[in-house]
Protein chains: 2
Amino acid sequence: MRRSSVETKAVILAAARERFAADGYDKATIRAIAADARIDPAMVMRYFGTKEKLFAAAAEFDLELPDLAPEQAGAGLVRHFLRTWEADEGLQVLLRTGVTNEAAAERMRTIFGGQVMPLVIDLTGDPERAPLRASLVASQLLGLALSRYILKFPPMVAATEEELVAWLSPTVQRYLTGP
Amino acid sequence: MRRSSVETKAVILAAARERFAADGYDKATIRAIAADARIDPAMVMRYFGTKEKLFAAAAEFDLELPDLAPEQAGAGLVRHFLRTWEADEGLQVLLRTGVTNEAAAERMRTIFGGQVMPLVIDLTGDPERAPLRASLVASQLLGLALSRYILKFPPMVAATEEELVAWLSPTVQRYLTGP
DNA sequence: GTGGATAGTCAACACCTGTTGGCCTACAAT
DNA sequence: ATTGTAGGCCAACAGGTGTTGACTATCCAC
């Protein structure tokens, strides 16, 4: 079969995102990704050069935080995070591999540091405690993702979005703006 | 050199715990563990049979939750968790590999489900919501470990034990006994 | 129709993995 | 001193990994 270059590249990237998200960096082999894309492993190298570059492309990700009213920032963040996680595999890719891969961990740090911190400063006007506040928020949000989507604690899997928002919002709100 | 059988086995196990804790299951190779223990890789197989069995031995772990007064359960849990994490590599081993390994994830579920849930029932007398409460506690505690020890968010690394306890206790306390 | 570019395949490479069996070698009991 | 046992090492296996280069097949422009 013969496809256009950009089409094939997109197919490979989609397969890579799925595999990386499901298995992490090491277990997601080039051969498996190529098989998913119904293509020869050599094509993956042709289009992306190296496994690391393919990973970098697959882990492209942006939190895209919306504007949030100060008193609803906690609830808004939790809800936004849950939906982003389910809509975009990028976060899952990063978490699954960030645990054993320093480069992915670094990206995680810049994503949360770089995107949540400005929100905190905007909400509190206090740049000094903003880094810690942002990290606390990240700790709860990533703990949520870990227990619900990765480790799959049954009660977390069974909970509805609204239940989780109700339980976690006060926590996140306090980390953002509380004493 | 010649050591006693039990001695060598202990040396191997110690090296394995370190390697698994630092690198996770896949990247911690038998050869690397053997090199750390200054021994031939074949010895590892001789004493533990297989890599999976070696991992099972290295991931042996118990939370050993203490008795906690109801109104200090949150603070007590956070402090106990932090100290356990730093004293025993078992938790780190489990988290690093549970992210990409179903067997380790299962152990994680039974450890937190099986040990935190009774505490919740004891504190609240409400068995119905106990599983969700325990999972929420786990989400925050594991999120703490993830951001501080694995992803190494700088503000979380820099924070003192007391600061972290102060920030996280209200959260954990509310998950345990709050509305 | 013919040429050249471009999508795709194949087979092999060098390396690393867990795992195995045979071979030493030091010790303790006889 | 001899022997049996148990700790330890070596070399190799079979399979899987990322990566490479030569080769084929298809399309489009002329």
Side-chain angles (χ1 to χ4, degrees), chain A residues 1-60 93 96-104, chain B residues 1-60 93 96-104:
Chain A
M1 206 196 312
R2 224 178 129 89
R3 284 170 289 198
S4 88
S5 164
V6 290
E7 201 177 346
T8 302
K9 199 168 174 180
V11 170
I12 294 173
L13 193 65
R17 286 172 77 84
E18 262 184 59
R19 278 284 188 194
F20 281 131
D23 300 339
Y25 187 84
D26 291 305
K27 289 176 132 166
T29 69
I30 296 271
R31 282 172 168 84
I33 292 168
D36 287 358
R38 251 175 283 277
I39 228 170
D40 192 274
M43 294 302 288
V44 179
M45 310 309 293
R46 228 178 181 24
Y47 284 118
F48 291 91
T50 193
K51 187 182 182 183
E52 281 200 24
K53 288 184 193 164
L54 173 62
F55 175 78
E60 206 75 47
V93 170
R96 270 247 162 73
T97 88
V99 167
T100 47
N101 181 305
E102 174 52 25
Chain B
M1 203 196 318
R2 228 178 126 90
R3 285 172 288 201
S4 86
S5 164
V6 291
E7 201 178 345
T8 303
K9 199 169 175 180
V11 171
I12 295 174
L13 192 64
R17 286 172 76 85
E18 261 184 61
R19 266 302 216 274
F20 281 132
D23 299 341
Y25 186 83
D26 291 305
K27 289 176 132 165
T29 68
I30 296 271
R31 281 172 168 85
I33 292 168
D36 286 358
R38 253 175 282 275
I39 226 168
D40 192 273
M43 295 302 290
V44 179
M45 311 308 295
R46 226 175 177 35
Y47 283 116
F48 291 92
T50 195
K51 187 182 181 183
E52 280 199 26
K53 287 183 195 165
L54 172 62
F55 175 78
E60 207 77 45
V93 170
R96 271 246 163 73
T97 87
V99 167
T100 47
N101 181 306
E102 174 52 26

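The chains referred to below are lettered A, B, ... by the order of the sequence lines, with proteins before strands, and numbering in each begins at 1. Keep in mind that the numbers below use all heavy atoms, side chains included, and drop hydrogens, waters and symmetry copies.
Expressed to the nearest 0.5 Å, how far CE of B:Met43 lies from CZ of B:Arg38 amounts to 15.5 Å. Here the NZ atom belonging to A:Lys51 is positioned 10.0 Å from the CE atom belonging to A:Met45, to the nearest 0.5 angstrom. Separating the NZ atom in A:Lys27 from the OH atom in B:Tyr25 is a distance of 8.5 Å, to the nearest 0.5 Å. A distance of 11.0 Å separates OG1 of B:Thr29 from CG of B:Asp26, quoted to the nearest 0.5 Å.
For the pair B:Ala16 and B:Leu54, the tightest heavy-atom approach, listed with the atom from each and the gap, is CB-CD1, 3.8 Å. When every heavy atom of B:Arg17 is checked against every heavy atom of B:Glu60, the shortest pair comes out as NH1-O, 3.8 Å. The shortest non-hydrogen separation linking B:Ala34 to B:Asp40 is CB-C, 4.0 Å.
Using a 4.0 Å cutoff on non-hydrogen atoms, the parts of residues 10-36 of chain A near DNA chain C are A:Arg31, ordered by number. Less than 4.0 Å separates DNA chain C from at least one heavy atom of each of the following residues of residues 44-57 of chain A: A:Arg46, A:Tyr47.
Ring geometry for A:Phe20 versus A:Phe55: interplanar angle over 60°, hence perpendicular rather than tilted (30 to 60°).
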Protein-proximity profile, nucleotides 25-30 of chain D, B/S/- by nucleotide at the 4.0 Å heavy-atom cutoff, equals -B----
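For the pair A:Glu18/A:Asp36, no side-chain contact is recorded, criterion being any heavy-atom separation below 4.5 Å from C-beta on.
An OP1 or OP2 oxygen of D:dG7 is reached within less than 4.0 angstrom by a side-chain nitrogen or oxygen of B:Ser5.
Each end of the helix from C:dG1-D:dC30 to C:dT30-D:dA1 yields a helix axis from five base pairs, and these two axes differ in direction by 10° (to the nearest 10 degrees).
Side-chain proximity of B:Asp40 to the nucleotides C:dT9, C:dG8, D:dC10 is greatest for D:dC10. For A:Ala42, counting side-chain heavy atoms from C-beta on, the closest listed nucleotide (D:dG7, D:dC10, D:dG21) is D:dG21.
Among the candidates B:Thr8, B:Ile12, B:Thr50, the single residue satisfying the side-chain contact (heavy atoms from CB on, under 4.5 Å) test with B:Val44 is B:Ile12.
Between B:Met43 atom CE and D:dC9 atom P the separation is 7 Å, expressed in whole Å.
Partners of B:Ala103 by side chain to side chain contact (heavy atoms under 4.5 Å, CB included), not counting sequence neighbours, listed by chain and number: B:Asn101. A:Ser5 pairs by the side chain to side chain contact (heavy atoms under 4.5 Å, CB included) definition with A:Tyr47, not counting sequence neighbours.
No side-chain donor-acceptor contact under 3.5 Å links B:Arg19 to the backbone of B:Ile33.
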